[in-house]
**Student:** 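The structure is given below, and queries will be raised subsequently.
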Amino acid sequence: MSKNVRFKVQPGGSIKGRIRVPGDKSVSHRSIMLGSIAEGVTHVSGFLEGEDSLATLKAFQAMGVQIEGPHNGDVTIHGVGLRGLKKPSVPLDMGNSGTAMRLMAGILAGQDFECELIGDASLSKRPMKRVTDPLRQMGAEIDTAEGGMPPLKLKKGQPLKGIQYTLPMASAQVKSCLILAGLYAEGTTEVIEPAPTRDHTERMLNGFGYAVHTEKLDGSASKMTVTGGGTLTAMNIDVPSDISSAAFFMVAASIAPGSDLVIEHVGINPTRTGVIDILKLMGADITLENEQTVGGEPVADVHVRYAPLKGIEIPEDLVPLAIDEFPVLFVAASTAEGKTVLFGAEELRVKESDRIQVMADALNAVGIHAQPTHDGMVIVGGKQQVQKDEIQSHHDHRISMAMTIAGLTAVSEVVIEDCANVNTSFPTFLTLANQVGLKVTAEQA
Ligand code: S3P
């Protein structure tokens, strides 16, 4: 797809069938990063062939790691060990991916070569101070653009030293960045998170035989501890399907009368299942079937049947556990009976777009009363009206997909501009959407 793709959605229909969505984006990034710095050959299956995770793959190839694939989700990584990466000859382009840039910054801060991390228009506006501040405390030398934005220029700084750092926000990217830098640091690195965030880095490092200890602290905080200078030993990784991609179809099946859908092999790591909990609180009919553990990550088939939804106040402790799913949860709220209130979610303002403002504008464009607040949104569920304003995705894949799902309950065609970005995380979205009963076409804008 070229950069200017417009989605057109015809309303109506129900969502039926059995589908498998592509591999988890967070796990896919980490599989390449850890496989590359491990000793030995790592085989990955179910790898997400989206632009974001491919950017990570290409970055490690540019640092001399031999990587074969992806072929139908299979990737083979010939690990070079913690100290085996080579200076890339060009800046490393992280595209649209905040995860790639922030986690790579942790690994690159520990190298004895200089390099530069760059990104696209959306990534170039996202805050990086949250990683550069603590990395500098560890001894790294990093230049940024004004305001701490990308590009990041990592200099040959001092050898890193372990620190204790309390995260100012619940962020798995910052936590992971510091744990990865901690592999290269002298002594012990301790990262304290105020609330649970996705723990794929910790689980995968332990899988590679590198101990990361997690200790529960008072309240909802935890401390992760890692000591530098160890070795990762190659392993095989089966990437579960991405719950963040599955979420679009969970909401679709929940809001379209007559729906009955099974989404197979979805990762249900408890740090990621907030979307299921929130939808259930709203009255959704979701059951987990065939639960099992693959490569240290729990998976299940998610069975969703239509059920009328009601508005709720979203419990604040579920926010970090559903952080990527709010665009489509706002769509669910727009169909619910009554008012849905979200607060404590200011992080949404610094995602691929300002997801609070952009989704409020998009829902207002189809006649839904959505009022943005500084850290959330108030949505009054109701019937949509004929689309009156343009809907722009603002370089954000999850806006494109969430508003496609909103088209199911529209009163007339919904048109969304700038949708090629679905390729960053979910290249098969359009095919699967039409397969289960949505009516979406893509045209060159
Ligand atoms: C991610 C962490 C989250 C999430 C992002 C992926 C990760 O970001 O929004 O899509 O893989 O660690 P934050 O850490 O900024 O919340």
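In each ligand, atom 1 is the first atom listed, and ligand 1 is the first ligand listed. Only heavy atoms go into these numbers, but all of them, side chains included; no hydrogens, no water, no symmetry mates.
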**Student:** Using distance alone, decide if ligand 1 has a nitrogen or oxygen within less than 3.5 Å of any nitrogen or oxygen in S26.
**Tutor:**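 Yes - when backbone and side-chain N and O of S26 are compared with those of ligand 1, one distance drops under 3.5 Å.
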
**Student:** What I want to know is whether A172 and ligand 1 share at least one N or O pair that is separated by under 3.5 angstrom.
**Tutor:**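 Right, the criterion is met.
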
**Student:** For the residue pair S400 / N421, report whether a side-chain donor-acceptor contact shorter than 3.5 Å exists.
**Tutor:**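 There is such a pair (donor and acceptor under 3.5 Å, judged by atom type) between the side chains of N421 and S400.
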
**Student:** Among R130, R126, R355, which residue meets the salt bridge (Lys or Arg N to Asp or Glu O under 4.0 Å) test with E347?
**Tutor:**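 Between E347 and the candidates, salt bridge (Lys or Arg N to Asp or Glu O under 4.0 Å) is satisfied uniquely by R130.
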
**Student:** If you measure only the distance, is there a donor-acceptor pair under 3.5 Å linking the side chains of H78 and E68?
**Tutor:**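 Looking only at side-chain atoms, E68 and H78 do form a donor-acceptor pair, the distance falling under 3.5 Å.
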
**Student:** N/O to N/O below 3.5 Å, does that happen between S171 and ligand 1?
**Tutor:**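 Yes - when backbone and side-chain N and O of S171 are compared with those of ligand 1, one distance drops under 3.5 Å.
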
**Student:** Heavy-atom count around K129 NZ within 6.0 Å, excluding the residue itself: above 12?
**Tutor:**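 No, because the 6.0 Å sphere around NZ of K129 holds 12 heavy atoms or fewer from other groups.
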
**Student:** Given K175, R30, H200, which has its nearest heavy atom closest to atom 12 (O) of ligand 1?
**Tutor:**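 Considering heavy atoms of K175, R30, H200, the nearest to atom 12 (O) of ligand 1 sits in R30.
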
**Student:** Closer than 4.0 Å to some heavy atom of I323 - which atoms of ligand 1 meet that?
**Tutor:**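 In order of number, 9 (O).
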
**Student:** Do you see a donor-acceptor pair shorter than 3.5 Å between the side chains of S244 and E325?
**Tutor:**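 The criterion, which ignores hydrogens and geometry beyond distance, is satisfied for E325 and S244.
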
**Student:** Determine, stepwise, if the pair I314 / T340 fulfils side chain to side chain contact (heavy atoms under 4.5 Å, CB included).
**Tutor:** CA-CA 7 Å; I314 298 175; T340 294; 3.9 Å; yes

**Student:** Give the atoms of ligand 1, by number and element, whose distance to some non-hydrogen atom of D324 is under 4.0 Å.
**Tutor:**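 Matching atoms, with element in brackets: 4 (C), 5 (C), 9 (O), 10 (O).
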
**Student:** For atom 6 (C) of ligand 1, find the nearest protein heavy atom and state the residue, atom name and distance (0.1 Å precision).
**Tutor:**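 Answer, as residue, atom name and distance: T99 OG1, 3.3 Å.
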
**Student:** Considering K351, E352, R102, R130, which one's heavy-atom position lies nearest to atom 13 (P) of ligand 1?
**Tutor:**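 Among K351, E352, R102, R130, the closest heavy atom to atom 13 (P) of ligand 1 comes from K351.
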
**Student:** Are T409 and T335 close enough that a side-chain donor and a side-chain acceptor fall under 3.5 Å?
**Tutor:**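 Looking only at side-chain atoms, T335 and T409 do not form any donor-acceptor pair under 3.5 Å.
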
**Student:** Run the numbers for me: atoms of ligand 1, each under 4.0 Å from some heavy atom of R198, listed by number.
**Tutor:**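 Matching atoms, with element in brackets: 1 (C), 2 (C), 4 (C), 6 (C), 7 (C), 11 (O), 12 (O).
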
